[in-house]
Amino acid sequence: MRRYMTDPAKYPQARFDLVKEAVISGVVVLVIVVIASLAFGAPYVKPLTIKQVASTEPVLFLQTAAHELDDTSAIAQYGPPYNNGTGSLQAIGPFHPQTILGVTFPINPAKVDVLQPLSMATPLDPALKPLLTQWDGASHQQQAAWVNAYLAALSKATVRGSAVVVPAAADGPVPAMLSALQALGSGGLMSGALDRLAPVYRYDVAPSLLFLQGAALQQAAQKQDLLGGEWGIMHDELSYPGPWWLTPYSALYQIPPYSTSSAGDLMAAYTMLLILLVLLAVPFTPGLRDVPRKLRLYRVIWRDWYHGVEHGSGASAPPSRTDRRERAT
Amino acid sequence: MSRRETASGNWTEAVRRRAETFTWDALLPTEQPVYVRSVVYSFGALTLGALVVVVASGIILAANGPFWWQTPGAGVFMRGIHYWGVQAFFFFMILHLTAQFFMGSWRLGRAGTWFLGVLSFALSVVTAFTGYLSRGDFFSQWNQVQAKDAFNGSGIGGWFNVLNNGQIYGLHIAVLPAILIAAVSVHLLLVRRHGVVPPYPADNEQADKGVLR
Ligand code: HEM
């Protein structure tokens, strides 16, 4: 078989310099890329920090923290791998692969985002200690009532710069706790207090990102039309070409059922897997593997060859099949 | 000789015999069939050229670290090389893939070459994605929180934690490139081993099943 493919009798050979080919290709790419880099640079938009949110969007910060505190945030109810909630559990009927690996990255937002940072700050502000004791000693019902009262009062708050004045309400220690947390945030200490899942390698930024995604990141992204249903990832880079090779994947999010189902991500992921399998199987799939032969675009690519064979310029005309078989044996 | 020895002897011998077919002339041919005459044959080489640029610039970025590549000057320029290298890589790879499809290049025992090509494409997408997450700017943050739902929902989020910069960065600069480079290497060895796929039969030529499929 192999001999047939490279059989010089059927396919006359011509001189070919692979090294030259490789060097030229490398140089061409390098030149294009250096010019593009010099002319356009590389995309970069300053990251969003908790400090920024705490000082420029104080009400948003306090709302997010309040929801984390009484476990009503999206993350508190998310589901695997963070906890056993069902809020973001994606399922198609009984198929929910999200639960297979279980809760591998447990996170307790009330503790990680609010209570722990505040207790770390008690040496700086001893007045925090009785507030935390009061919170810990209260029933869950009482805590929820405090937070609800606080959120209602917060919606009527007046804002002066980064200072928020919340009207008095039956909200127990909550206003003092959260205003201390906001001070920690606007001072720039909060993300350091949050991202401490490991003592030395603090690479896992889940706590701070999950705090930010509560609302602040969502708002900032919306301002730039980056949401999934708006081809988010595609115009990711603003004026730069984004990852346009994700177009088929991104396109799924624009059409039902992907755009409407709460299991849209799950469906899109498995649709892509299916497309990958189909691509892998092209050589073995009758019908699919015949498409290029039927399209005849190959005649453009090999036009010189076909011209030679069909209009008989002797040199490249292939010998008959029988010739070939005789040679191979 | 026991059966076992024969079997293992055959195994090592098969590897050795396979290796012997890769002579320098097979790897760096001085001749190609005459039908190898079209720009589309450069797409694979251009893809490879872009991959080399991407890997080389990536090594320089990794050697200098995240603060360097976020600081205007040499760092941002090198990040630009890496970024535009990736754009060129995907551009040429998609041209290459499309051309190979229209040429039916999986014919005559080349399904493995196609298979590894598709695999390289998929790996490239995942590798590039982890790169976007590693940039360390607003887009990285936004893509991290968006992608977590996709990864979690599809079932691999319990292992592939897009919020863990250590894991993502390690995957991006070591694990995924190593696998990708291995896949591309075998892809290229297979191309050399089989030789360039012959054209479909001409209209005045008798068709042979193998050439068709
Ligand atoms: C990392 C990405 C890739 C690199 C660096 C690469 C490189 C190459 C090179 C240098 C060649 C030989 C020259 C040529 O025909 O252009 C080749 C051939 C080939 N490539 Fe790729 N390729 C890549 C991805 C792909 C993909 C995504 C596919 C298809 C899905 C693919 C399918 C093929 C096939 C079928 C051949 C054999 C052509 C023949 O026998 O005539 N490759 N590749």
**Student:** Pair B:Leu163, A:Leu210 - check side chain to side chain contact (heavy atoms under 4.5 Å, CB included), show working.
**Tutor:** CA-CA 9 Å; B:Leu163 304 179; A:Leu210 293 178; 3.7 Å; yes
**Student:** Which bit of A:Ile24 comes within less than 4.5 Å of chain B, counting heavy atoms only: side chain, backbone, both or neither?
**Tutor:**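 It is neither, since no heavy atom gets under 4.5 Å.
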**Student:** Apply the test side chain to side chain donor-acceptor pair (under 3.5 Å) to residues A:Tyr78 and B:Asp149: give CA-CA distance (whole Å), side-chain angles for both, the deciding distance (0.1 Å), then the verdict.
**Tutor:** CA-CA 10 Å; A:Tyr78 190 97; B:Asp149 297 334; 2.6 Å; yes
**Student:** Could you grab the distance from atom CG of A:Leu295 to atom CZ of B:Phe101, nearest 0.5 Å is fine?
**Tutor:**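 These two atoms lie 7.0 Å from each other.
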**Student:** Chain A heavy atoms under 4.5 Å from B:Trp69: which part of the residue, side chain, backbone, both or neither?
**Tutor:**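 No part of B:Trp69 comes within 4.5 Å of chain A.
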**Student:** Mind checking whether A:Gln218 and B:Val145 have side chains closer than 4.5 Å, heavy atoms only?
**Tutor:**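 Counting from C-beta outward, A:Gln218 and B:Val145 never come under 4.5 Å.
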**Student:** For residues B:Gln87 and A:Trp244, determine if any side-chain heavy atom of one lies less than 4.5 Å from a side-chain heavy atom of the other.
**Tutor:**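 Yes; the side chains approach each other to less than 4.5 Å.
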**Student:** Test side chain to side chain donor-acceptor pair (under 3.5 Å) on A:Gln213 and B:Trp142; report intermediate values, then the result.
**Tutor:** CA-CA 8 Å; A:Gln213 78 124 36; B:Trp142 176 240; over 6 Å; no
**Student:** Quick check: A:Phe40 with B:Trp84 (ring centres under 6.0 Å apart)?
**Tutor:**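 That pair passes the under 6.0 Å test.
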**Student:** Using a cut-off of under 4.5 Å for heavy-atom pairs, which of A:Met272, A:Gln90, A:Arg303, A:Gln98 has the most such pairs with chain B?
**Tutor:**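 Of the options given, most contacts go to A:Gln98.
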**Student:** Between B:Arg79 and A:Pro43, is there a donor-acceptor pair closer than 3.5 Å when you use the side chain of the first and the backbone of the second?
**Tutor:**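 Yes, because the side chain of B:Arg79 sits within donor-acceptor range (under 3.5 Å) of the backbone of A:Pro43.
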**Student:** Contact part of B:Phe89 toward chain A, heavy-atom cut-off under 4.5 Å: side chain, backbone, both or neither?
**Tutor:**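 The answer is neither part of B:Phe89.
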**Student:** Apply side chain to side chain contact (heavy atoms under 4.5 Å, CB included) to the pair B:Phe91 and A:Trp245, showing each step before the final yes or no.
**Tutor:** CA-CA 9 Å; B:Phe91 178 75; A:Trp245 46 89; over 6 Å; no
**Student:** So A:Gln13 and B:Val34, side chain to side chain contact (heavy atoms under 4.5 Å, CB included) or not? Walk me through it.
**Tutor:** CA-CA 5 Å; A:Gln13 308 280 305; B:Val34 288; over 6 Å; no
**Student:** Distance from B:Asn204 atom CG to A:His311 atom NE2, nearest 0.5 Å?
**Tutor:**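 Going from the CG atom of B:Asn204 to the NE2 atom of A:His311 covers 8.5 Å.
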**Student:** Would the B:Tyr200 and A:Tyr298 ring centres measure less than 6.0 Å apart?
**Tutor:**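 Ring-ring flag for B:Tyr200/A:Tyr298: true, centres closer than 6.0 Å.
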**Student:** Taking every heavy-atom pair that is under 4.5 Å apart, which of A:Leu297, A:Val19, A:Val300, A:Thr99 has the most such pairs with chain B?
**Tutor:**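 Most heavy-atom pairs under 4.5 Å with chain B: A:Leu297.
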**Student:** Name the region of A:Leu38, side chain, backbone, both or neither, that has any atom closer than 4.5 Å to a heavy atom of chain B.
**Tutor:**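 Backbone plus side chain of A:Leu38, per the 4.5 Å heavy-atom cut-off to chain B.
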**Student:** Against chain B, work out which of A:Trp302, A:Phe105, A:Tyr306, A:Tyr82 has the most heavy-atom pairs shorter than 4.5 Å and name it.
**Tutor:**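 When all of A:Trp302, A:Phe105, A:Tyr306, A:Tyr82 are compared, A:Trp302 has the most.
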**Student:** Of the backbone (N, CA, C, O) and the side chain (C-beta and beyond), which part of A:Ala36 lies under 4.5 Å from a heavy atom of chain B, both, or neither?
**Tutor:**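 For A:Ala36, the contact with chain B is made by backbone and side chain together.
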**Student:** For residues A:Tyr249 and B:Val125, determine if any side-chain heavy atom of one lies less than 4.5 Å from a side-chain heavy atom of the other.
**Tutor:**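 Answer no - side chains too far apart.
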**Student:** Hey, are the side chains of B:Arg135 and A:Tyr44 touching, using non-hydrogen atoms and a 4.5 Å cut-off?
**Tutor:**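 B:Arg135 reaches A:Tyr44 side chain to side chain.
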**Student:** Quick check: does any side chain N or O of B:Asp137 sit under 3.5 Å from a backbone N or O of A:Pro47, one acting as donor and the other as acceptor?
**Tutor:**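 Such a contact is absent between B:Asp137 side chain and A:Pro47 backbone.
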**Student:** Quick one: what part of B:Leu27 sits under 4.5 Å from any heavy atom of chain A, side chain, backbone, both or neither?
**Tutor:**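 Backbone only.
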**Student:** Is the shortest heavy-atom distance from the side chain of B:Pro33 to the side chain of A:Phe16 under 4.5 Å?
**Tutor:**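 Answer no - side chains too far apart.
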**Student:** What's the separation between atom CG in B:Asn152 and atom CG in A:Asp265, rounded to the nearest 0.5 Å?
**Tutor:**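 The distance works out to 9.0 Å.
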**Student:** When rounded to the nearest 0.5 angstrom, what distance separates CD in B:Gln146 from CG in A:Leu217?
**Tutor:**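 If we round to the nearest 0.5 Å, B:Gln146:CD and A:Leu217:CG are 9.0 Å apart.
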**Student:** Output the distance between atom CZ (A:Phe284) and atom CH2 (B:Trp114), rounded to the nearest 0.5 Å.
**Tutor:**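 Rounded to the nearest 0.5 Å, the CZ-CH2 separation comes out at 11.5 Å.
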**Student:** Using non-hydrogen atoms and a 4.5 Å limit, figure out which bit of A:Val205 sits close to chain B: side chain, backbone, both or neither.
**Tutor:**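 Both the backbone and the side chain of A:Val205 come within 4.5 Å of chain B.
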**Student:** Side chain, backbone, both or neither: which part of B:Ile81 has a non-hydrogen atom closer than 4.5 Å to chain A?
**Tutor:**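 Interface part for B:Ile81: both.
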**Student:** Counting the benzene-type ring for Trp, do B:Tyr35 and A:Tyr11 have ring centres under 6.0 Å apart?
**Tutor:**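 Distance test on ring centres: under 6.0 Å, yes.
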**Student:** Could you grab the distance from atom NZ of A:Lys46 to atom CZ of B:Phe138, nearest 0.5 Å is fine?
**Tutor:**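 Spacing of NZ (A:Lys46) from CZ (B:Phe138) equals 14.0 Å.
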**Student:** Is it the backbone or the side chain of A:Ile75 that comes under 4.5 Å from a heavy atom of chain B, or both, or neither?
**Tutor:**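 Interface part for A:Ile75: side chain.
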**Student:** If we define contacts as heavy-atom pairs under 4.5 Å, which of A:Arg299, A:His96, A:Met267, A:Glu21 has the most with chain B?
**Tutor:**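 Among the listed options, the one with the most contacts to chain B is A:Arg299.
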**Student:** If you count heavy-atom pairs within less than 4.5 Å of chain A, which of B:Met78, B:Gln144, B:Met93 leads?
**Tutor:**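 Answer, by heavy-atom pair count under 4.5 Å with chain A: B:Gln144.
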**Student:** Using atom types as modelled and distance alone, determine if a side-chain donor or acceptor of B:Ser154 lies under 3.5 Å from a backbone N or O of A:Leu266.
**Tutor:**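 Between the backbone of A:Leu266 and the side chain of B:Ser154 there is no qualifying donor-acceptor contact (under 3.5 Å).
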**Student:** Chain B: which of A:Ile32, A:Asp204, A:Leu276 shares the most heavy-atom pairs with it under 4.5 Å?
**Tutor:**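 Most pairs with chain B among the choices: A:Asp204.
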**Student:** Does any backbone or side-chain atom of A:Ala220 lie under 4.5 Å from a heavy atom of chain B? Answer side chain, backbone, both or neither.
**Tutor:**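 Looking at A:Ala220, backbone and side chain both touch chain B.
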**Student:** Is any NZ, NE, NH1 or NH2 atom of the basic residue among A:Arg296 and B:Asp203 found under 4.0 Å from an Asp or Glu carboxylate oxygen of the other?
**Tutor:**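 Answer for the salt bridge query: yes.
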**Student:** Is there a side chain to side chain contact (heavy atoms under 4.5 Å, CB included) between A:Tyr203 and B:Gln167? Walk through the geometry before answering.
**Tutor:** CA-CA 8 Å; A:Tyr203 297 150; B:Gln167 187 185 13; over 6 Å; no
**Student:** Looking at chain B, which one of A:Ile301, A:Leu101, A:Val27 has the largest number of heavy-atom pairs inside 4.5 Å, strictly under?
**Tutor:**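 Sorted descending by pairs with chain B, the first entry is A:Ile301.
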**Student:** Side-chain contact, heavy-atom cut-off 4.5 Å: A:Leu18 with B:Pro29?
**Tutor:**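 The answer is yes, as the side chains (C-beta and beyond) meet within the 4.5 Å cut-off.
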**Student:** Just wondering, do B:Phe139 and A:Val45 contact through their side chains at under 4.5 Å, heavy atoms?
**Tutor:**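 They are in side-chain contact.
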